[in-house]
Visitor: 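Next up is a structure, given as structure tokens.
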Amino acid sequence: MRLWMFIPAVFCACAMGAPPPDQRVEPAPGGPVVEDPRSLVCDRVLEMQTARRSGVTSVWLASGVRVHHRRMDRQPGRVVVTIALCGGKLLEDSATRGLTEVAAGVLDDWESVAPEASAPARTEGRDLRIDAAAGQDAMTIRMSVSAADLEAGMGIVRAMLVSPTVGTPAVEAAKEMVVREVRRRAGDPRAVVSEAVNHAVVPEGDARLEPPNERRIRGITAEEVRAWIDRHTKEGGEPIEAAIVGDVSLAAALKLADGTLGTLPVRARPGPGTHSALRRVAVPAGPVSREARVDEVMLGAGRVIVVRGFFGPDVSSLGDQRALRAMLGVATNRLKERLVGPRFDVGAEGPASGLFMSAYDGLGMGLVTAATRQPGEAAVGAAIEEELGRLASDGPTAEELARAAGALARSADAAERDIRYWSAALARCTSLGLDPDEIARAGEFYRTLTPAAARAVLAKYHTRERTIGITVRAKAGE
């Protein structure tokens, strides 16, 4: 099973329905060529919109499935299709925790799940690869395929969704894979510290927010896995959103979507309200100040992890996410210059920061972390808090912001040329109430972000009621 992270995009819908016959869709200046939809004739395409800046065309199929297309020829002859089966771990409880990971592991073995449809791919050497992953709020199927084999690949995906074969050997193999990952994380210092921080912040008693239990994983049956997949794919099942991105025309992509995803059993359309009740959790009241304990071997003798930050935005607030990433970059750069010996011992790596998004409302977090040696943790924590506070009140200098935002702009420019990035982002945008045109302006956002605007965003989130302070120590007696 290959795991990847989607990068939330933002989708601002144009007028509903296809343009009238005499209206040609013109591209935005410097944007991609947008195909004229007048020639598109598909039985199951009910509504169509084209976002002018990004050139993304989005349609509703008669099955209720949402499909996005963006033509990109930077990787000639390649297409990436991402299909998000909304729900996944968001639907779990204490009795079903782990089912999403195992079900994704079964779907990852696409040749056993769709044996008849995949037979030609094996015998004729088709150029395609299909992976499945378990996300926080969706099971995701991703296919990387040559344009020549796209039709065959879409046929396999349809078979996986309409009549999957869920055999005991595939389920047992998937369970073993999940158990190995659970054990790997239990022995990975970074993963152990991450889980400790999570446990210190997230609400207690919600099985969805805890790692899967090995004993429960081993008890999962093939019947349970089949029922879980059916819950996502059968008539009246969970919403589905998909993206077809790469070297394929709009006409060809929609024809394939029409004949495959359009023939799936009818279901509710995905949208910003999808599973909204399940996303609401009891966020702890701030300021949060906690200690977490882990085995000393995970930290190193005498070492402590200092974590300081704040509860951040939800996934739909893309502009705030970008501004906060830039400000966390400024804070990290300042701290790398400040936390130096002999007074501070933060190791060769020094402080690091990140903005961590969550499928659950209110649990996004902006964090700065540093490993230090006892008894220096209080001074390190105070330094981090002081720099974040200064940035929230006074803002960065133009030079500081240009350095941090410039690095993010370069990364964004590189990502936006990647068909995998676009496919993953678009496959969730309607479900999360987001806008594809905002994906296209990530680099521009960072290049035009001002110190005043960046300060205002950080000040909105870095308040006393939203602050987080966690110290990860070795367990007592070690």
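These numbers come from a predicted model, not from an experiment.
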Visitor: I'd like to check the side-chain contact (heavy atoms from CB on, under 4.5 Å) partners of Gln136; sequence neighbours left out, ordered by chain and number.
Guide: Ser358, Ala359
Visitor: Looking at every heavy atom in both Ile244 and Ala253, which two are closest together, and how far apart are they?
Guide: CD1-O, 3.8 Å
Visitor: For Ala104, is there any backbone N or O sitting under 3.5 Å from a side-chain donor or acceptor partner on Asp108?
Guide: no
Visitor: Quick one, Tyr446 and Ser411 - any side-chain contact, counting heavy atoms below 4.5 Å?
Guide: no
Visitor: Please answer whether the main-chain N or O of Glu92 pairs with a side-chain N or O of Thr96 as donor and acceptor at a distance below 3.5 Å.
Guide: no
Visitor: Just how far is it from atom CZ of Arg158 to atom OG of Ser163, taken to the nearest 0.5 Å?
Guide: 7.5 Å
Visitor: Where the side chain of Arg466 meets the backbone of Phe311, is there a donor-acceptor pair that is under 3.5 Å apart?
Guide: yes
Visitor: Decide yes or no on side-chain contact (heavy atoms from CB on, under 4.5 Å) for Lys460 and Phe310, but give the supporting numbers first.
Guide: CA-CA 10 Å; Lys460 180 167 68 171; Phe310 48 86; over 6 Å; no
Visitor: Please tell me if the side chains of Arg78 and Met72 come closer than 4.5 Å, counting only heavy atoms from C-beta onward.
Guide: no
Visitor: Using the side chain to side chain contact (heavy atoms under 4.5 Å, CB included) definition, which of the options Leu367, Thr369, Leu335 pairs with Ile384?
Guide: Leu335
Visitor: Please list every donor-acceptor pair under 3.5 Å in which a side-chain atom of residues 166-174 meets a protein atom from a residue at least two apart or in another chain.
Guide:
residue : atom : partner : partner atom : Å
Glu172  : OE2  : Lys175  : NZ           : 2.9

Visitor: Got a donor-acceptor contact below 3.5 angstrom from the Ser63 side chain to the Leu261 backbone?
Guide: yes
Visitor: With a 4.5 Å heavy-atom cut-off, do Arg208 and Tyr360 have their side chains touching?
Guide: yes
Visitor: Say you draw a straight line from CZ of Arg428 to OG of Ser423; how long is it, rounded to the nearest 0.5 Å?
Guide: 12.5 Å
Visitor: Check the pair Trp110 / Leu128 against side-chain contact (heavy atoms from CB on, under 4.5 Å), numbers first and verdict last.
Guide: CA-CA 11 Å; Trp110 52 277; Leu128 63 88; 3.4 Å; yes
Visitor: Please determine if Arg190 and Glu349 form a salt bridge, counting it only when a charged side-chain N lies under 4.0 Å from a carboxylate O.
Guide: yes
Visitor: When you look at CZ of Arg420, are more than 12 heavy atoms from neighbouring residues, nucleotides or ligands closer to it than 6.0 Å?
Guide: no
Visitor: Atom NE2 of His69 and atom CG of Leu256: how far apart are they, to the nearest 0.5 Å?
Guide: 10.0 Å
Visitor: Shortest non-hydrogen contact from Ile419 to Gln75?
Guide: CG1-OE1, 3.2 Å
Visitor: How about Thr165 and Glu116: do any of their side-chain heavy atoms sit closer than 4.5 Å?
Guide: no
Visitor: When you compare the side chains of Ser431 and Glu241, does any donor N or O come within less than 3.5 Å of an acceptor on the partner?
Guide: yes
Visitor: Would you say Ser317 and Asp314 are linked by a side-chain donor-acceptor pair, where the criterion is simply a distance under 3.5 Å?
Guide: no
Visitor: Looking at Arg97 and Glu210, is there a salt bridge between them, counting it only when a charged N and a carboxylate O are closer than 4.0 Å?
Guide: no
Visitor: If you round to the nearest 0.5 Å, how far is CD1 of Ile130 from OG of Ser118?
Guide: 8.0 Å
Visitor: Pro239 and Arg269: which non-hydrogen atoms are nearest, and at how many Å?
Guide: CB-C, 4.1 Å
Visitor: Within a strict 4.5 Å, meaning less than it, do heavy atoms of the Leu426 and Ile439 side chains meet?
Guide: yes
Visitor: If we only count heavy atoms from C-beta on, is the Glu181 to Glu101 side-chain gap below 4.5 Å?
Guide: no
Visitor: Side chains of Arg290 and Val288, heavy atoms from C-beta outward: is any pair under 4.5 Å?
Guide: yes
Visitor: For Leu339 and Val380, work out which heavy atoms get closest and say how close.
Guide: CD1-CG1, 4.2 Å
Visitor: Can you find a pair of side-chain heavy atoms, one from Thr260 and one from Leu161, that are under 4.5 Å apart?
Guide: no
Visitor: Roughly how far, to the nearest 0.5 Å, is the CD1 atom of Ile83 from the CZ atom of Arg142?
Guide: 12.5 Å
Visitor: Quick check for you: to the nearest 0.5 Å, what is the distance between Arg293 atom CZ and Leu299 atom CG?
Guide: 10.0 Å
Visitor: Is it true that Asp230 and Arg226 make a salt bridge, defined as a side-chain N closer than 4.0 Å to a carboxylate O?
Guide: yes
Visitor: NZ of Lys336: more than 12 outside heavy atoms within 6.0 angstrom?
Guide: no
Visitor: Under the side-chain contact (heavy atoms from CB on, under 4.5 Å) criterion, do Arg322 and Leu449 qualify, and how do the steps go?
Guide: CA-CA 9 Å; Arg322 289 171 174 164; Leu449 181 63; over 6 Å; no
Visitor: Tell me which pairs pass salt bridge (Lys or Arg N to Asp or Glu O under 4.0 Å) where either residue lies in residues 353-373, with sequence neighbours left out.
Guide: Asp345-Arg373
Visitor: Verify, without hydrogens or angle tests, whether Arg53 (side chain) and Glu438 (backbone) share a donor-acceptor contact under 3.5 angstrom.
Guide: no
Visitor: Begin with the C-alpha distance, continue with both residues' side-chain angles, and end with the deciding distance and a verdict on salt bridge (charged side-chain N to carboxylate O under 4.0 Å, His left out) for Asp188 and Arg184.
Guide: CA-CA 6 Å; Asp188 181 342; Arg184 185 198 68 76; 3.2 Å; yes
Visitor: Please step through side-chain contact (heavy atoms from CB on, under 4.5 Å) for the pair Thr233 and Val162, ending with a clear verdict.
Guide: CA-CA 7 Å; Thr233 60; Val162 172; over 6 Å; no
Visitor: Identify the two heavy atoms, one from Ala257 and one from Leu61, that lie closest to each other, and give their separation to 0.1 Å.
Guide: O-CD1, 3.8 Å
Visitor: Could Arg216 and Glu224 be called an ion pair, given the rule that one side-chain N must be under 4.0 Å from one carboxylate O?
Guide: yes
Visitor: Between Trp422 and Ser54, what is the shortest heavy-atom contact and its length?
Guide: CH2-CB, 4.0 Å
